[in-house]
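Report on the structure given below.
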Amino acid sequence: ERERERESERENQRERERERERSRMTEAARLGVNALSLENAAFRFYCLAVGALVVKQIATNVNAGLQKLFNKVVGSPEDAIFVENMPKHKTKGFGTAHEHPAVQRAYRMIQNDHENLYIFYILALLFVVVGASPLAAQSYFGLYVVSRYVHTIAYAGGAQPHRAIAFFAGLVVLLALVYHIVSAAFRLEDFQLA
């Protein structure tokens, strides 16, 4: 009799575990279908953040072009043909090497965007997919966008420590996103070695 009760209790325990797993799978399926929908406020915040950062990237690229123009520098030797074909009074003083410090700074700003923004795009999207709350998405994404704008403005002006502070604020957001993504993927109670 006791053995039957223990077996019944074990079966009930297994059924509760299966029900918990079905519940988690249903929630994951719901998120998978709706996570990348504009019905999801966290995804809308993601779209706004990406839009704001793309505008910043475009402005940074335009800045590089303007720096080349204002400092009479072409980006590549083959671009000099455009300068050579212009009326001489408009091309006086143009160089073919982009050794000018302002142009180099503009190119480093573009490179910095390439090294940082794409990481955010991926991590933020994964954060939305694993079920980010709208408040968390708004907070993290907003802080990251502000930090990147401040970083770019400080970089353009050569302002330290503002540039470093903005960079580290963005880095903290990225690390927080990684933490939340990994936590969601490997919940401690779900993790088993066997």
Same apolar cluster: F127 and L135, side chain cutoff 4.5 Å: no
Working for side-chain contact (heavy atoms from CB on, under 4.5 Å), residues V129 and Y46: CA-CA 11 Å; V129 168; Y46 173 78; over 6 Å; no
CG on L123 to CG on L174, rounded to 0.5 Å: 6.0 Å
side-chain contact (heavy atoms from CB on, under 4.5 Å) evaluation trace for V55 with Y149: CA-CA 10 Å; V55 167; Y149 270 83; 4.1 Å; yes
ILVMFWY network linking V173 to L117, side-chain heavy atoms under 4.5 angstrom: yes
F141/Y144 aromatic ring centres below 6.0 Å: no
Interatomic distance, Q57 atom CD to T152 atom OG1 [nearest 0.5 angstrom]: 9.0 Å
Nearest atoms (heavy-atom pairs only) where A106 meets A64: CB-CA, 3.6 Å
Verdict with supporting geometry, F120 and L177, side-chain contact (heavy atoms from CB on, under 4.5 Å): CA-CA 9 Å; F120 172 78; L177 292 176; 4.2 Å; yes
Flag side-chain contact, heavy atom, 4.5 Å: K56 against D113: yes
Any side-chain donor near an acceptor of the partner, Q13 and E9, under 3.5 Å: no
pair L125-F43: side-chain heavy atoms closer than 4.5 Å: yes
In one Ile/Leu/Val/Met/Phe/Trp/Tyr side-chain cluster, 4.5 Å: V50, V128: yes
Side chain Q138, main chain G142, donor-acceptor under 3.5 Å: no
Minimal non-hydrogen separation, S147 against G170, with atom names: OG-CA, 3.4 Å
Value rounded to 0.5 Å, distance of OH in Y107 from OG1 in T60: 13.5 Å
Note: E7-R14 ion pair, threshold 4.0 Å (strictly below): yes
V172 with I119, same ILVMFWY side-chain cluster at under 4.5 Å: no
Residue pairs, two or more places apart or on separate chains, that pass ring pair (Phe, Tyr, Trp, His ring centres under 6.0 Å) and touch residues 153-174: H151-Y155
Aromatic plane relationship, H180 with Y140 - under 30° parallel, 30 to 60° tilted, over 60° perpendicular: tilted
Heavy-atom side-chain contact between V145 and F45 under 4.5 Å: no
Gap separating the CZ atom of R163 from the CD1 atom of I153, nearest 0.5 angstrom: 14.0 Å
CG on N61 to CG on L66, rounded to 0.5 Å: 11.0 Å
Derivation of the side-chain contact (heavy atoms from CB on, under 4.5 Å) call for I110 and H114: CA-CA 6 Å; I110 292 170; H114 289 201; 3.7 Å; yes
Hphob cluster co-occupancy, L53 + Y118, side-chain heavy atoms under 4.5 angstrom: yes
Straight-line distance of E11 CD to R16 CZ, nearest 0.5 Å: 10.5 Å
E3: salt bridge (Lys or Arg N to Asp or Glu O under 4.0 Å) partners, not counting sequence neighbours: R6, R10
